[in-house]
Colleague: 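My questions all concern the structure below.
Within every chain, numbering begins at 1; the chains are lettered A, B, ... in the order of the sequence lines, protein sequences first and strands thereafter.
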Amino acid sequence: MAKDTNYWLVKCEPHETSFDDLKVRPKRTGYWRGVRNYQARNFIRDGMNKGDLAFFYHSNCDEPGVAGIADIVKAGYPDPSQFDKKHRYYDEKATDDNPRWFSFDVKWKKKFKSFVHLADLKGNKKLNDMKVVQRGQRLSIQPVTKKEFDEVCKMGGV
DNA sequence: GCCAACGTTGGC
DNA sequence: GCCAACGTTGGC
């Protein structure tokens with residue numbers, strides 16, 4: 001039984017991996033590790049499904065905004081970094097039976113014809129309720145409604 | 001580099 | 001359970 005598609009906005013710092021970097025990778029895939037925020041964790045673990053779509057958002061950079069769309073190709077599996085003692089994101093309280101943190105994988109899907117800047121999102125009244133435009137919103141994984149998704153796609157020329 | 005906003009930690 | 005201190009995020 002196919003589940004409904006959910007929509008997301010996932011933040012990435014482009015100096016680590018930009019949307020264009022993702023495109024030239026083998027299989028055009030990338031994965032998120034080290035999400036250590038419980039709200040974000042819950043979204044990844046409980047809400048995200050293979051086949052969902054996500055905005056690839058560039059954060060903490062000169063031009064914050066949405067670069068394009070990625071497919072969620074794998075979702076809600078335990079983040080391996082929590083079990084690795086040498087890893088920066090090691091968590092001693094996590095066990096195989098009871099993992100605390102979760103990962104997901106994305107695949108480059110489509111680049112916007114025009115990059116949608118954060119300022120553009122803030123300037124669109126239809127997107128007033130979108131999480132990313134709200135002040136102090138730091139969640140790195142955010143749910144997006146279908147309406148918001150469609151509107152931002154329109155702005156991006158897709 | 002500044003700083004507001006938010007999450008987490010730990011003393012009490 | 002309160003709350004101050006601290007660390008992080010991320011726009012500007």
Colleague: Under a 4.0 Å threshold between the charged nitrogen and the carboxylate oxygen, would Lys111(A) count as salt-bridged to Asp20(A)?
Modeller: yes

Colleague: Should the pair Asp79(A)-Arg36(A) be classified as a salt bridge under the 4.0 Å nitrogen-to-oxygen rule?
Modeller: yes

Colleague: In the hydrophobic clustering (ILVMFWY, side-chain contacts below 4.5 Å, transitive), which residues join Trp101(A), or is it alone?
Modeller: Tyr38(A)

Colleague: Would Arg33(A) and Ser81(A) count as having a side-chain donor-acceptor pair, cut-off 3.5 Å?
Modeller: no

Colleague: Would you kindly say whether Tyr89(A) and Asp84(A) are connected by a side-chain donor-acceptor distance under 3.5 Å?
Modeller: no

Colleague: Heavy-atom nearest nucleotide on DNA chain B for Asn60(A) versus Gly136(A): which residue maps closer to 5'?
Modeller: Asn60(A)

Colleague: At the 4.0 Å heavy-atom cut-off to chain A, mark where contacts on DNA chain C begin and end, going 5' to 3'.
Modeller: dG7(C) to dC12(C)

